[in-house]
Amino acid sequence: MSRYEASDIEAKWQKAWEEAAIFQAKEDHDKPKYYVLEMFPYPSGKLHMGHVRNYTMGDVIARYKLSTGHNVLHPMGFDAFGMPAENAAMASGGHPKDWTYSNIDTMVEQMKPLGLSLDWSRMFATCDPEYYGQQQALFLDFLEKGLVYRKNAVVNWDPVDMTVLANEQVEAGRGWRSGALVERRELTQWFFKISDYSDELLTALDGLENWPAKVRLMQENWIGKSRGLQFSFERTDGEEAIEVYTTRPDTLMGASFVGISPDHPIAKQLEAESQEVADFVAECRKGGTTEEAIETAPKLGYDTGLRVRHPLDPNWELPVWIANFILMDYGTGAIFACPAHDQRDFEFATKYDLPIIPVVEPVEGADELTEAYVPTKAEKVRYVRGFAGTEEQTGEDGVNTAVDKAEAEGWGEGVTKFRLRDWGLSRQRYWGCPIPVVHCPDCGVVPEKKENLPIALPYDEDGKAIDFSVPGNPLDRHPSWRDCACPSCGKPAQRETDTMDTFVDSSWYFARFTAPRAETPTDLEAASYWMNVDQYIGGIEHAILHLLYSRFFARAMEICGHLPESAKEPFDALFTQGMVTHAIYENAERKNENGRSIYHYPNEVEERDGGVFVKETGERIKVIPSAKMSKSKNNVVDPLAIISTYGADTARWFVLSDSPPERDVEWTASGAEAAYKHLNRVWNLCDRIGEMDPDAKGEGDEDLLREMHKAIRDVTLGVESFGFNAAIAKLYGFTNTLSKSKASAAVQKQAIKTLAQLMSPMTPHLSEDIWAHQGGEGLVANAPWPIADDSMLVEDSVTLPIQVNGKRRGELTVAKDLDKAEVEKLALAHEAVQRVLEGAAPKKVIVVPGRIVNVVA
RNA sequence: GCGGGCGUGGUGGAAUGGUAGACACAGGGGACUUAAAAUCCCCAGGCUUUAGCCGUGCGGGUUCGAGUCCCGCCGCCCGUACCA
């Protein structure tokens, strides 16, 4: 009997696949194409279990599709620009480029042993000049089509380091390095006009049937289409009126004040005139730029002293307040506040003692307001201070009649607005794709010429390495790179030193994979053949931004002729997988010198006496289950260690087995061990069957074949529906059946070969070995997927549970097609039913054929 | 704050509105062994015992029937436009 030596067989079969080049994708119009893509990783330098799970899922699909006669494209690359490389350069010297490419090498080394069916010949990194040069060409094309423009936008400003901070570099309102209070500051920045596509991106969501409903809903809410009323409040001082937008014009008679954003032109004018206003606005600008920071900040207001007239009653004057929770980016940057029916306005009015005037109340009558009354728009309410429509109507009708009336009377206009803002792509950083424009004193902003692309990042500065020890963007202080000739007039000019948001890099890589070495962004023929991505797999954290930006990019690329019209929605099907988690072991008896918790590695602790303890010191451990793997919590499990102990097949089997793919999976050492034991059982089973006399007769051939066909049906269904954990449960079941079977050698051999095939998407190496051992032809990776024989799946009898009043009381085994009346008769005659009925007639009997009988007593 | 999701034994989880706990892990018992490991077999939601009762985060509702659908809470996770 031989032993299962994973490392031997895995290396052997990986070599065989490579030699046969079976995963290299070529256009082949005789077969249906299938493009499967997992979201490409950031090259952190460490592969983690989340990657393993993500890529294994994609690999199962890719290998299954290969077996079902598809021409498969399954590429891999790296999302290689971004802040961690600059942070590493800051922390330990070196250059982001060296750090990144060395990490990529490491990660490829770590990925190869997994035996993924990837076409490595198509690999690229977004920091390759060949890639980002084509991205610069796309930018120029977009610019020409009017899809790019410049405007002012706010950034996080660290006043001590004098630098722009990313949102994640702001911790509790302070810069992460300097500790200074962060301010919001305006800069001129580049934008993609994604808002041109708001309606289109919204309505097209309906066509994405193979996307999770939750992702479509999240995008729908993010785009945020709303219909409301836009109108003006006349100022009592006769100056320019204040224009507001509201989605609840029906509550206009509950207006308490008019609020403007601290960034509103009127606020800016007052800021210039009054120190008090300037101080207040400065206070408002403290803190980060995130929506969360702004929305959760304590509400601040300043009464400007300005007064406006209510549009429905010229004698009614309302004060104008500057309020920190009003965003200049949305609507007109000014609102009217109705505290009675908006919780934010309610809190503000309570704080500043402004009137709270109810407009609507529940039809059944109102209590005194202790918080804003906010009924849903579909709910029928009583308008006690309405001005349009009937007294009792739904909020929706109230809004519509209010808009109609305003339009008829000429003081307002119904307007559709979107929450979606244009995509700011400028980053004041080095390690990104340079924006290919030049600032010329005479010609202004001039696009770079395409023949000058790529505008490559400088590696050094006058022979010295780029310096990251000082805050700010090294491109800004790099004269020999920054100084250039104007592409238009040839006079001295300066390059744009902002680089692109890394979301730009990931918004078209899927298209580039179809022709990764093309001299243009895409090769239209290759793109037309391979697009769309048939199955895209990635984390739910990308549900909105990455996927929305990619949808926009596909449209913009289509307009510029880089993608066919059919690729406007680039991802036909989307699957969002969960994270890999691991328990955290927190020391329950001790903190470190800074008063922070101490976390222990899994191998530092042991379980005994019903508790968990540190092996060395015996200190008690608090176990926090299912936490996201994180370096700082010491709960990261290294896939390489698992692979070297058990092999890649074990790691692959385990990450798929225990949890539904869309949910988080908890990594447990015992789970990996169990997966390994199972693969050993399969190995031994193969050995045992291989040693049987080929002519040996046995019993139960028919039964084993039936189970085999059921396994084919169930595993196929599981793989096709992303029910990998369910497929694996079936494979456990079938393995147990086979190992107990006394069937003839020929049938057992057929069964183990089928088992190897069914396992091959998950455990490709072991399956190849079994396949070869049992005399299978060629590679199992190329073998056609088994098809279940329907005639073997038919059952002639069925066991029905019998319920009385919805409670299970017994069961009944009957012929499959026995008619309802007969089933009812048998059920009523059942001893358990008789006992409950006590001779009384049932009120009702429900027979669901093939499923259940329920007797209502 | 806002948007989205999730919550089932000791653990991971299964269950087109139709037998809650499949399949595993950990646990208990047994076989094999001088012994152990490995392997194999059996048991196993809780509480009472031959039959029941209680059980899918909490509280309501719809239904012949709810883990599943609806309403209201609680907790955790993701996103919140410069983390990728």
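Every chain is numbered from 1, with letters handed out A, B, ... down the list of sequences.
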For nucleotides 3-8 of chain B, which of its nitrogen or oxygen atoms have a protein nitrogen or oxygen under 3.5 Å away, and what is each distance?
residue : atom : partner   : partner atom : Å
rG3(B)  : O3'  : Asn221(A) : ND2          : 2.9
rG3(B)  : O2'  : Asn221(A) : ND2          : 2.9

Take atom [atom1] in [N] and the same atom in [M], then report the distance between them in whole Å.
| N | M | atom1 | answer |
| --- | --- | --- | --- |
| rG60(B) | rA66(B) | C1' | 14 Å |
| rC71(B) | rC76(B) | P | 23 Å |
| rG67(B) | rC43(B) | P | 27 Å |
| rG61(B) | rG9(B) | C1' | 28 Å |

Please evaluate the base of rU19(B) for a donor-acceptor partner in the side chain of Arg809(A) within a cut-off of under 3.5 Å?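 Check fails, no donor-acceptor contact within cut-off.
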
Give [X] one of three labels, base, sugar-phosphate or nothing, depending on what nucleic acid heavy atoms sit under 4.0 Å from its own.
| X | answer |
| --- | --- |
| Leu548(A) | nothing |
| Lys677(A) | sugar-phosphate |
| Arg681(A) | sugar-phosphate |
| His678(A) | nothing |
| Gly424(A) | sugar-phosphate |
| Gly82(A) | sugar-phosphate |
| Ser657(A) | nothing |
| Phe503(A) | base |
| Glu220(A) | nothing |
| Arg419(A) | base |
| Asn87(A) | nothing |
| Gln428(A) | base |

From the list [options], which nucleotide is the closest neighbour of the side chain of [X]?
| X | options | value |
| --- | --- | --- |
| Arg851(A) | rC54(B), rC23(B), rG18(B) | rG18(B) |
| Glu291(A) | rC82(B), rC2(B), rA24(B) | rC2(B) |
| Tyr549(A) | rA24(B), rA81(B), rU19(B) | rA81(B) |
| Leu545(A) | rU39(B), rA81(B), rU19(B) | rA81(B) |
| Arg421(A) | rG1(B), rC83(B), rA81(B) | rA81(B) |
| Thr296(A) | rG1(B), rA14(B), rA84(B) | rG1(B) |
| Arg808(A) | rA84(B), rU19(B), rU39(B) | rU19(B) |

Contacts of type side-chain contact (heavy atoms from CB on, under 4.5 Å), residue Arg713(A), not counting sequence neighbours: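 Here the qualifying residues are Lys710(A), Ala788(A), Leu793(A).
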
Grab the N/O contacts between the protein and nucleotides 63-65 of chain B below 3.5 Å, and write none if there aren't any.
residue : atom : partner   : partner atom : Å
rC64(B) : O2'  : Asn854(A) : ND2          : 3.2
rC64(B) : O2   : Asn854(A) : ND2          : 2.6

Taking it one step at a time, do Asn152(A) and Thr188(A) satisfy side-chain hydrogen bond (donor to acceptor under 3.5 Å, both in side chains)? CA-CA 4 Å; Asn152(A) 283 353; Thr188(A) 305; 2.9 Å; yes

Under the side-chain hydrogen bond (donor to acceptor under 3.5 Å, both in side chains) rule, what pairs show up with a residue in residues 213-224 of chain A, not counting sequence neighbours?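 Those involving residues 213-224 of chain A are Gln219(A)-Arg551(A).
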
Are the ring centres of [X] and [Y] closer than 6.0 Å?
| X | Y | answer |
| --- | --- | --- |
| Tyr536(A) | Phe510(A) | no |
| Phe654(A) | Tyr646(A) | no |
| Tyr131(A) | Tyr509(A) | no |

Is the ring pair Phe722(A)/Phe575(A) parallel, tilted or perpendicular, if the boundaries are 30 and 60 degrees?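 The arrangement is parallel - the two ring planes meet at less than 30°.
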
Look at the rings of Trp431(A) and Phe81(A) and say which category their plane angle falls in: under 30° parallel, 30 to 60° tilted, over 60° perpendicular.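 Ring orientation of Trp431(A) relative to Phe81(A): perpendicular.
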
Does the cation-pi check pass for Lys151(A) over Phe191(A), that is, NZ or CZ under 6.0 Å from the six-membered ring centre and within 45° of its axis?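 Yes, Lys151(A) sits over the ring of Phe191(A).
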
Phosphate oxygens OP1/OP2 of rU80(B): is one of them under 4.0 Å from a side-chain N or O of Asn167(A)?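 For rU80(B), neither OP1 nor OP2 has a side-chain N or O of Asn167(A) closer than 4.0 Å.
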
Taking 4.0 Å as the cut-off, does a side-chain nitrogen or oxygen of Thr290(A) come that near to OP1 or OP2 on rU80(B)?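 Result: no.
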
Base partner of rG17(B), which must satisfy Watson-Crick or wobble distances under 3.5 Å: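 Paired with rG17(B), as far as the under-3.5 Å criterion goes, is no nucleotide at all.
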
With both distances kept under 3.5 Å, what pairs with rA37(B), Watson-Crick or G-U wobble?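 Its partner is none (no Watson-Crick or G-U wobble pair with both distances under 3.5 Å).
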
Atom pairs under 3.5 Å: protein N/O with N/O of nucleotides 69-76 of chain B:
none

So which protein nitrogen or oxygen atoms get under 3.5 Å of nucleotides 41-49 of chain B's nitrogens or oxygens?
none

